[in-house]
Amino acid sequence: MTDQTQESSNFILDAVREDLESGRFNYVRTRFPPEPNGYLHIGHAKAICIDFETAQAFGGTTNLRFDDTNPVKEDVEYVEAIKEDIRWLGFDWGDREFYASDYFEQLYEFAVQLIKKGKAYVCHLSPDEIREYRGTLTEPGRESPYRNRTVEENLELFERMRKGEFPEGACVLRAKIDMASGNINMRDPVMYRIIHAPHHRTGNKWCIYPMYDFAHGQCDSIEGITHSLCDLAYEDHRPLYEWFIRELGIFPSRQIEFARLNLTYTILSKRFLKQLVEEGHVRGWDDPRMPTLRGMRRRGYTPEAIRKFISMVGVSKKESVVDVALLESAVRDDLNLRAPRVMGVIDPVKLIITNYPVGQVEELEAINNPEDPAAGSRKVPFSRELYIERDDFREEPPPKYYRLAPGREVRLRWGYIIKCVNYVKDPQTGLVSEIHCTYDPETRGGYAPDGRKVQGTIHWVSAPHALDAEVRWYDRLFTVPNPNQPEEGKTFLDYLNPESMKIIKGCKVEKSLGNAKPGDRFQFERKGFFCVDPDTTDSLLVFNLTVTLRDTWAKIEQKLK
RNA sequence: UGGGGGCUCGUCCAACGGCAGGACAGCAGACUCUGGAUCUGUUGAUAGGGGUUCGAAUCCUCUGCCCCCAGCCA
């Protein structure tokens, strides 16, 4: 019992604990800092969980801070979407919602402070020249000719930058650090650049904007963030993060980096996801095949399942690719406990019970969720004509197949035991078009009073009562585990799975689904978990396949081949 | 040939000088009115060499491999 709840620790939690014990900090505050330039995906969910849960573990709080320092890439549309997704995931930042742009004035003052200390200067080198002066990975850079201007001159120039006296690209403010540093980030990094573009929050108030490096750490510090948890990509930036804080003499937030999430059979790069949407490879940011939180939500994944998955993945500094099967397992595990069961026939074939009275209808009782007695039961209509799954009947059953076949018995879930006496084929297509069975009236509810064993149980719907439905059957978006590493001459697009979505029309589902609402989740017995899509109309139910059930028979059948 | 990181079952994560463990996946079985769920069992790993130590995945050292950094993006 207790081993089950064993507290899962990780290197970040360890570090925070040490900081508290050593007195480096006496409280914990983290932040989740998205740039409002796109939609959140499962990779962000990892960061969100780590940020919020690390703070929670020590009774601390987490700020939501939009890193809006580049007006040309950002939009309010995204801030609303991001907030919505974080809330959906189940995290609450209370009133601690901030924007880097809230601190533009303060940041400007910090810059002035550094200029006065002789630690920053205005540089007129062009972008190309800056790159050239920066040196290479193996050669040191050279100092800018503008590096040793007087404080007064720098102060004046920087003020004129702010006033808009220069066009974009004319000059930048740089930190004066070390052009020979092995760490390229320390070779006089740009602190401010000129962008004559309106900002989604500050409008036209500013035309100079701080770079990430000059904004992030200072914002952390201003907000009293103790632990600034971020991507491994920023490891190289930590010396700079600490340099600014030290030179400014402000609150010393601590940056700790962890490995970002990668998942098999998908991509999590914002740029590539955008390409999928814009080139029409998927139907939008909320396409159920997308690894975005909106996509997963529409697909039917629950926030609980996603959080569970993130906790199962763990936290480390090792770059890794997590098997998407782990995610699917978390989703099944969660849905298994909460999704009501219903009967839905994806690929229907007509079944006629020849000895059942024409016109007779019975209401049979079906349990809603065997995992949850509180879910109760419902009545499902039964009649002479049913639909069953085409795959649940074989003219010539393979070994170990224990569904319906000529002369064989099978149980209709919650119904009767039936026996196949005949079947008819469509001469045109060669497909079975009708299956004729007799039922055993003694077996109502599925129980055999004589104790005879009936191995197979199949799902069904009453033909005259069934509702029409469209099912969108999803598979992996890509055909290979790691589309991020294409072969020579290929791109991730070459690995798109052409069968990632199959639209199946003509499905038949039980009557009780008539009042299902978009977002409702069900288990179609023996098939999988499905979620009602917002495309559903009064006349047509549309379901998304969330995830299939484990299919042992499919494995057996595979082996037989 | 600069700087910063990383290498433990197929995958992800533990083990913090003391029996290499868990989850997912796989395999085998039990049970079952979902070939679901559940339960049981099981396969399977410390990158390599040297050293310290009673004892090393863990400490030291050498080697190898992988990732990141040369935006006026974040």
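Residue numbers begin at 1 in each chain, while the letters A, B, ... track the order of the sequences. Nothing here was measured: the structure is a model prediction, and the numbers come from that model.
Annotation: B:C69 and B:A56 have their P atoms spaced 39 Å apart (nearest Å). As rounded to the nearest Å, B:C67 and B:G29 have P atoms that lie 42 Å from one another. Nucleotides B:C16 and B:C59, compared at atom P, are 11 Å apart to the nearest Å. Of the C1' atoms belonging to B:A47 and B:G41, the separation is 32 Å, rounded to the nearest Å. Comparing B:G26 with B:U11, their P atoms sit 15 Å apart, to the nearest whole Å. For the P atoms, the distance from B:A25 to B:C66 is 31 Å, rounded to whole Å. When the P atom is compared between B:A57 and B:C9, the two are found 14 Å apart, to the nearest whole Å. Between B:A14 and B:U46, the two C1' atoms lie 13 Å apart (nearest whole Å).
Residue-level contact check: A:Pro140 touches neither bases nor backbone, having no heavy atom under 4.0 Å from any strand. Using a 4.0 Å heavy-atom distance criterion, A:Thr552 is classed as a sugar-phosphate-only contact. Note on A:Val72: nothing from the nucleic acid sits closer than 4.0 angstrom, heavy atoms only. Nucleic acid contact class of A:Tyr447 (heavy atoms, under 4.0 Å, all strands): base. Contacts of A:Glu235 with the nucleic acid, taken as non-hydrogen atoms under 4.0 Å apart, involve only primed sugar atoms and P, OP1 or OP2. Within 4.0 Å of A:Phe309, counting heavy atoms only, lies no atom of the nucleic acid at all. Within 4.0 Å (heavy atoms only), A:Val454 reaches no atom of the nucleic acid at all.
With A:Tyr192 as the partner, the ring pair (Phe, Tyr, Trp, His ring centres under 6.0 Å) test is satisfied by one option alone out of A:Trp206, A:Phe158, A:Tyr209, A:Tyr212: A:Phe158.
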*Assess whether side chain to side chain donor-acceptor pair (under 3.5 Å) is satisfied between A:Asp188 and A:Tyr133, documenting all intermediate values.*
CA-CA 10 Å; A:Asp188 289 11; A:Tyr133 275 72; over 6 Å; no

*Apply the test side chain to side chain donor-acceptor pair (under 3.5 Å) to residues A:Ser269 and A:Asn484: give CA-CA distance (whole Å), side-chain angles for both, the deciding distance (0.1 Å), then the verdict.*
CA-CA 9 Å; A:Ser269 139; A:Asn484 286 307; over 6 Å; no

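Between the side chain of A:Gln255 and the backbone N or O of A:Tyr234 there is at least one donor-acceptor pair closer than 3.5 Å. Between the A:Tyr401 side chain and the A:Phe393 main chain, a donor and an acceptor come within less than 3.5 Å of each other.
Sparse packing is recorded around CZ of A:Arg260, with 12 or fewer heavy atoms of other residues, nucleotides or ligands lying under 6.0 Å away.
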*Quick one: what's the B/S/- string for nucleotides 69-74 of chain B, heavy-atom cutoff under 4.0 Å, read 5' to 3'?*
BBSBBB

*Using a 4.0 Å cut-off on protein heavy atoms (strictly under), produce a 5'-to-3' string for nucleotides 17-27 of chain B with B for base contact, S for backbone-only sugar-phosphate contact, and - for none.*
------SS-SS

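When rounded to the nearest whole Å, the span between CD1 of A:Ile556 and P of B:G35 equals 11 Å. Protein atom CG of A:Leu232 is 19 Å distant from nucleotide atom P of B:G3, rounded to whole Å. Here B:G3 presents its P atom at 15 Å from CE of A:Met186, a figure rounded to the nearest Å. We find that CG of A:Leu263 is positioned 15 Å from C1' of B:C13, with the value rounded to whole Å. Nucleotide B:C13 holds its P atom 12 Å from the CD1 atom of A:Ile310, rounded to whole Å. When rounded to the nearest whole Å, the span between CG of A:Asn262 and P of B:U11 equals 14 Å. Counting to the nearest Å, the C1' atom of B:C13 and the NZ atom of A:Lys317 are 16 Å from each other. B:C68 atom C1' lies 16 Å from atom CG of A:Leu240, rounded to whole Å.
RNA chain B contains the following stems of three or more consecutive Watson-Crick or G-U pairs, with both distances under 3.5 Å: B:2-7 with B:64-69, B:10-13 with B:21-24, B:26-30 with B:38-42, B:47-51 with B:59-63.
Between A:Phe382 and A:Trp460, the distance separating the two ring centers is shorter than 6.0 angstrom. Ring centers of A:Phe110 and A:Phe244: at least 6.0 Å apart, outside the cut-off.
Taking the nucleotide of RNA chain B with the nearest heavy atom to each of A:Lys318 and A:Ala259, the more 5' of the two is matched to A:Lys318. When each of A:Thr138 and A:Val322 is assigned the nucleotide of RNA chain B bearing its nearest heavy atom, the one mapping closer to the 5' terminus is A:Thr138.
The A:Glu371 side chain lies nearest to B:G36 when the options are B:G35, B:G5, B:G36. Relative to the side chain of A:Asp333, the nucleotides B:U38, B:G6, B:U34 differ in distance, and B:U38 lies closest. Set against B:G35, B:G36, B:G6, the side chain of A:Arg341 has B:G36 as its closest nucleotide. Listed candidates were B:C16, B:C13, B:G36. Nearest to the side chain of A:Asp14 is B:C16.
Side-chain nitrogen and oxygen atoms of A:Ser316 include at least one within less than 4.0 Å of the OP1 or OP2 phosphate oxygen of B:C13. At B:G4, none of the side-chain N or O atoms of A:Arg238 fall inside 4.0 Å of OP1 or OP2 (strictly under the cut-off).
Between A:His216 and A:Tyr241, the ring planes are tilted. Angles from 30° to 60° get that label. The aromatic rings of A:Tyr439 and A:Tyr416 lie perpendicular to each other, with more than 60° between the two planes, well past the 30° mark.
A salt bridge does not link A:Asp334 to A:Arg521: none of the charged side-chain nitrogens sits closer than 4.0 Å to a carboxylate oxygen. Taking the charged nitrogens against the carboxylate oxygens, A:Glu557 and A:Arg403 have no contact shorter than 4.0 Å, which rules out a salt bridge.
Base orientation for B:G26: anti, the chi torsion being more than 90° from 0.
A:Asn185 contributes atom CG, which lies 13.0 Å from atom CH2 of A:Trp243 (distance to the nearest 0.5 angstrom).
Counting heavy atoms from C-beta on, the side chains of A:Asp85 and A:His44 never come closer than 4.5 Å. A:Cys219 places none of its side-chain heavy atoms less than 4.5 Å from the side chain of A:Arg31.
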